[in-house]
Every structure is written in structure tokens, then in C-alpha cells.
Visitor: 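Below you'll find the structure I mean.
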Amino acid sequence: MEYRKIKDEDIDIDRDVEVEDVEKSFLLSVPSVSGEPKIDTHKTKAQWKRKSLVTFALTILTSSQAILIVWSKRAGKYEYSVTTANFLVETLKCAISLVALARTWRTEGVTDDNRLNTTFDEVSVYPIPAALYLVKNLLQYYIFAYVDAPGYQILKNFNIISTGVLYRIILKRRLSEIQWAAFVLLTAGCTTAQLNSNSDHVLQTPVQGWVMAIVMALLSGFAGVYTEAIIKKRPSRNINVQNFWLYIFGMGFNAIAILVQDFDAVVNKGFFHGYSFITFLMIINHALSGIAVSMVMKYADNIVKVYSTSVAMLLTAVVSVFLFGFHLSLAFFLGTIVVSVSIYLHSAGKIQR
């Protein structure tokens, strides 16, 4: 298994990324004149600021994704090809990474950590998360044959638990009992916030729907945790180089998806058939969100990403009140309270760890 190769090359991955992890940034110290350790407050503040910035960006970008997707529909359906849109997202992410990398080359010069040249062993692990996300995205089309949209949003919360479990198994990162309790509360809070008068239909979901939901959650969780392992395997490696290789393979797999699903439509109607201004805004949003996710994995972890996207879900509901006349239910407010308690408990668990 490819992940075993990563572990063999770098067994102590936790220690390698400890400096990058702001959760442990307060342990950063430099020797003082008297020989006693002294906290490097400047570095600690810089890391905390960077982590907060990318997490905030991810939350805002993710909260606007669903809104842009709704706006991109015409008469309740997509007139553009979803596979071509996904391909453009990966292309734009790759282009942004190259522009950022070129800027780094101008200011810092070309070094071993920021050059695009790489070895086969390093680049061979990047296709795996791209393939996992491709399969997961394809399953999204088929699951709606067994479950409606509200039910899908509820079943999607399996991602939260799967991420925590795989985070512990794959990265060997321990979560305290309080943090596990916070994770369960987060799942319950997100599920409660999404309940409505039609939510009881989820209990009538066929076995195939439940299986697909669980498989999608495992694929999403494994791909996210695996990507974090890749990115943090070499902490000094420039994030834009790592992103470039991730997105190159993403482009390749999405090109395959176009050939399999929409080849005839693209040939007959054109690549950009059905695109609108909102469609391009949605593509830009997805591209920036993807980059923000990789930044969170580089400078924080998948746990932070899970909480960020959960908060984004609540923000989306609030914004939808003003844009679509969405009515917030009592279940939403109760779910929001539970999510807030979960965030507090998770923070408390980090302090006690």
C-alpha cells in the first residue's frame, strides 16, 4: 500500500509536522541566556495568524459554494456539463499554484523545496487522492436515485465521524475523550440543524443508499487524511509545488470523467455550453476553496477542516434566509447551539491534552 511507503520513509510524521501544527505552537521555544526555555512568541503569533486566516477563508468560501451552485441552475437543472466545470476547477487551481510559485521564484529564487522537479517516489502518491475524489464525486450522481436532497445532506454527516476515525488510524494522531465527545456532538448538531418536515424520509432510504453514503464518507475521509499525510510528509516543501502535482492529476482524472460521461454532449454542443457568469463565479469559488483546503491541511489539520465546513453549513443557511427566503426552524437553532458546544469542547480537549 502506498501509504505504508510514506510511513516507512517518515515514521515519525507527527514529530515532523509538530512545528507546523499550531495546536502545539505554544511549545515552540528558544534557549535563553540562563538556559531556560523561552517561548518564541513572534513565531507562535505568525503561525496562529496564518492558521486563522486560511481557516476563515475556507469557512467563507465553503459557505458560499451551495449558494452559487443553486444560482448556477436554470429551471432547477444544470444546463452546463458538471464534469467540464470540475475540470476547469482543477485547471484554475493548477494555474493559481503556478502563479504563486513563480512569485516565490522571483523573491526567493529556486531552491530544492520550491522547484517543480521531483522524484518518482514523491510524485507517485499524488494520483491516489485524485482517484478517490473522482470515485466519490461519481457516487454523488447515483446516490440521488435512492435518497432526496435533504436526506443526502443528513447522510453526508457520516464524513465527520469517518474523518475522526481515519485521522486516528492513519496518522496515528490521538484525540482526547473530550474531543471524541465533541466530534459526536458536532455530528448530532449538524444533523439536527438540517432537520425539516421531510427529514423522516431518510429513515426510508434503501440499503443501497445507506451503503453509498457510508462508502462516500469513507472515501472522502480517507482522501482528506491521505492528502494531509502527503503534504506534511515533507514540511519544508513549498505548498504550491505540492498543490501543482495534486491538481495535475486531478485534471487528468476529470478529463477521463468527461470522456466517460459527457463526451457526446461536449462534442455536439461545445465545452462551454450552458455556462453563465454565475457558473464561472462558482468555478472560481471552488478553485479558491480547494486551495484553502490544502492550506488548512498544511498549516492545521483535517479536524480543523471538518469544523470549518460545519460552521460554513450554518452560515449558508443564515445567508439563504435573505437570498432565497429560507425559514430557520427551531431544529436549526438547537443544532447551532450543539455545534457551538462541540467547538468549545474540542478547544478544551486540546488544552487538556
Side-chain angles (χ1 to χ4, degrees), residues 1-29 44 47-48 50-51 54-55 58 121-133 136 157-187 214-237 239 242-243 245-246 293-310 342-343 345-353:
M1 188 176 181
E2 291 291 340
Y3 178 72
R4 181 56 56 189
K5 183 190 298 182
I6 295 177
K7 294 290 288 184
D8 291 338
E9 292 175 355
D10 194 356
I11 296 176
D12 295 325
I13 187 172
D14 286 344
R15 289 196 293 268
D16 287 340
V17 302
E18 185 171 342
V19 176
E20 296 293 333
D21 194 342
V22 179
E23 292 179 6
K24 301 179 181 180
S25 61
F26 293 101
L27 299 179
L28 293 172
S29 61
T44 298
Q47 290 180 335
W48 182 87
R50 181 171 55 186
K51 177 181 177 180
V54 296
T55 303
L58 177 61
D121 287 340
E122 180 180 1
V123 78
S124 63
V125 297
Y126 289 111
I128 296 176
L132 291 174
Y133 280 125
K136 177 241 179 187
N157 291 321
F158 279 127
N159 293 354
I160 299 175
I161 297 298
S162 69
T163 299
V165 173
L166 292 171
Y167 187 78
R168 176 67 182 92
I169 295 174
I170 296 178
L171 291 182
K172 307 299 182 183
R173 301 288 294 275
R174 179 185 300 177
L175 295 176
S176 67
E177 294 180 357
I178 294 179
Q179 288 177 307
W180 277 116
F183 242 48
V184 173
L185 281 177
L186 179 64
T187 305
I214 294 173
V215 171
M216 287 174 57
L218 292 174
L219 287 174
S220 179
F222 183 80
V225 175
Y226 188 88
T227 301
E228 180 180 342
I230 294 174
I231 291 177
K232 288 183 175 178
K233 173 179 175 288
R234 185 176 171 183
S236 61
R237 189 65 154 151
I239 182 62
Q242 295 173 313
N243 282 343
W245 288 110
L246 281 171
V293 167
S294 67
M295 293 288 186
V296 168
M297 292 183 181
K298 179 77 171 182
Y299 304 119
D301 51 46
N302 268 278
I303 306 301
V304 173
K305 187 194 79 170
V306 166
Y307 276 93
S308 175
T309 53
S310 299
S342 171
I343 294 174
L345 286 178
H346 180 75
S347 301
K350 288 192 299 183
I351 295 175
Q352 293 183 12
R353 186 171 57 184

Visitor: Could you tell me which residues satisfy side chain to side chain contact (heavy atoms under 4.5 Å, CB included) with Leu132, sequence neighbours excluded, listed by chain and number?
Guide: Ile128, Leu219, Phe222, Ala223

Visitor: So among Val165, Leu185, Leu345, which one has a side-chain contact (heavy atoms from CB on, under 4.5 Å) with Trp180?
Guide: Val165

Visitor: For Ser308, enumerate each residue passing the side chain to side chain donor-acceptor pair (under 3.5 Å) test, keeping only those at least two apart in sequence or located in another chain.
Guide: Thr59

Visitor: Would you say the side chain of Met295 lies within less than 4.5 Å of the side chain of Ile239, judging by non-hydrogen atoms?
Guide: yes

Visitor: Just to verify, what does Thr227 make a side chain to side chain donor-acceptor pair (under 3.5 Å) with, not counting sequence neighbours?
Guide: none

Visitor: Side chains of Met297 and Lys305, heavy atoms from C-beta outward: is any pair under 4.5 Å?
Guide: yes

Visitor: I'd like to check the side chain to side chain contact (heavy atoms under 4.5 Å, CB included) partners of Thr187; sequence neighbours left out, ordered by chain and number.
Guide: Asn157, Ile160, Ile161, Thr191

Visitor: If only atom types and distance count, is the side chain of Ser220 paired as donor or acceptor with the main-chain N or O of Met216 below 3.5 Å?
Guide: no

Visitor: Is a donor on one side and an acceptor on the other found under 3.5 Å between the side chain of Glu228 and the backbone of Asp301?
Guide: no

Visitor: Taking side chain to side chain donor-acceptor pair (under 3.5 Å) as the test, write out the residues that go with Tyr307, two or more places apart.
Guide: Ser342

Visitor: Looking at residues at least two apart in the chain, or sitting in another chain, which of them share a side chain to side chain contact (heavy atoms under 4.5 Å, CB included) with Ala217?
Guide: Phe158, Asn159, Ser162

Visitor: Nearest 0.5 Å, what's the OG1-OH distance between Thr55 and Tyr299?
Guide: 12.5 Å

Visitor: To the nearest 0.5 Å, what is the distance between OH on Tyr167 and CD on Gln179?
Guide: 8.5 Å

Visitor: Quick one: do Glu122 and Arg237 satisfy salt bridge (charged side-chain N to carboxylate O under 4.0 Å, His left out)? Show the steps, please.
Guide: CA-CA 11 Å; Glu122 180 180 1; Arg237 189 65 154 151; 3.0 Å; yes

Visitor: Restricting to non-hydrogen atoms, name the atom on Leu246 and the atom on Pro129 that form the minimum distance, rounded to 0.1 Å.
Guide: CD2-CG, 3.9 Å

Visitor: Could I get the full list of side chain to side chain donor-acceptor pair (under 3.5 Å) partners for Asn243, not counting sequence neighbours?
Guide: Ser294

Visitor: Mind checking whether Val125 and Tyr226 have side chains closer than 4.5 Å, heavy atoms only?
Guide: yes

Visitor: Minimum heavy-atom separation for Val293 to Leu58, with atom names?
Guide: CG2-CD1, 3.5 Å

Visitor: Measuring from atom CZ of Arg234 to atom CD1 of Ile231, what distance do you get when rounded to the nearest 0.5 angstrom?
Guide: 14.0 Å

Visitor: List the atom of Asn302, the atom of Gly224, and the distance in Å for their closest heavy-atom pair.
Guide: ND2-O, 3.0 Å

Visitor: Output the distance between atom CG (Leu186) and atom CD1 (Ile343), rounded to the nearest 0.5 Å.
Guide: 7.5 Å

